[in-house]
Amino acid sequence: MKFFLDTVNIDDITSLLETGLIEGITTNPTLIAQSKRPQHEVIRAICALVPGPVSTEVIATDWKEILQEAHELARIAANVVIKVPVTFDGLKACYQLRQENIPVNVTLCFSPLQALLAARAGATYISPFMGRMDDYGQDGSTLLELIRDIYDNDPTIETQILAASVRSPKHVLEAAYAGADIVTLSPAVFRTLYAHPLTDKGLAQFLKDWKNAEAK
Ligand code: E4P
């Protein structure tokens, strides 16, 4: 399972890219709005830093307008991935964009059938939202498992499962167990993945023992 970052923060992207563990970026309209900068400017800056796929979402909801917006966004850089919602118009736009070889991330997925439709429409990625499922008392990891089974049952499906709305290390573990291809997570959640008190305790002890031996 690969790691993508779900952020528009350039400092976080720069610092975490250096680990070699981050292979792509996802963004959404909320994150772009919080940056208080124009979408094209933000995405251009991220694409200049990141060699992997960078997802950015359309605001339009009508399929013709989605296509127009998608074409403008796709011109920003070769690694731009167009995010469309899993609506009737979004799926129609997905199909059209894939005919043009423009990669598409179908987002806001909350059901296995939505994921199947997205795959048949040629989606490059499907984004099931784990945390938001959990918020409604539903199980995000079960959704991932069902999508994995459905995709594995059809060898013609190449859509990658991109676990999104990931709020904790537990979600990351569940996504890996469920067979997600990619997990996208905030820099804050990413930084919790390697943290363990026994690692800190063990390291402190090793360094102390080393120092004591040197002193002798
Ligand atoms: C993914 O592409 C979305 O941008 C994101 O994961 C949504 O996460 P949230 O539910 O924490 O806002």
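Order of listing sets the numbers, starting from 1, for every ligand and every atom in it. The first residue of the sequence shown is numbered 1, and numbering continues consecutively from there. All of these numbers come straight from a predicted model, not from anything done at the bench.
Per-residue contacts place Arg132 under 4.0 angstrom from the following atoms of ligand 1 (heavy atoms of the residue considered): 7 (C), 9 (P), 10 (O), 12 (O).
Salt bridge absent: Asp134 and Lys170 never bring a charged side-chain N and a carboxylate O closer than 4.0 Å.
Residue Ser165 places at least one N or O, backbone or side chain, under 3.5 Å from an N or O of ligand 1. At least one N/O-N/O distance between Arg167 and ligand 1 falls below 3.5 Å. Residue-to-ligand polar distances keep Thr184 apart from ligand 1: every N/O pair is separated by 3.5 Å or more. Taking only nitrogen or oxygen atoms, main chain and side chain alike, Lys83 reaches within less than 3.5 Å of ligand 1.
Test Thr56, Thr124, Leu162 against Asn105 for side-chain contact (heavy atoms from CB on, under 4.5 Å) and you get one pass: Leu162.
Counting protein heavy atoms only, atom 4 (O) of ligand 1 is closest to Asn28 ND2, 2.7 Å. In terms of protein heavy atoms, atom 7 (C) of ligand 1 is closest to Phe129 CE2, 3.7 Å.
Atom CD of Glu158 is surrounded by 12 or fewer heavy atoms from other residues, nucleotides or ligands within 6.0 Å.
There is a path of hydrophobic side-chain contacts, each under 4.5 Å, that joins Val84 to Val80.
Partners of Asp89 according to the side chain to side chain contact (heavy atoms under 4.5 Å, CB included) rule, which considers only residues two or more places apart in sequence or in another chain, are Asp62, Trp63, Ile66, Thr87.
If you check the side chains of Thr27 and Glu57, you find no donor sitting under 3.5 Å from an acceptor.
In this structure, Asp6 has a heavy atom closer than 4.0 Å to ligand 1.
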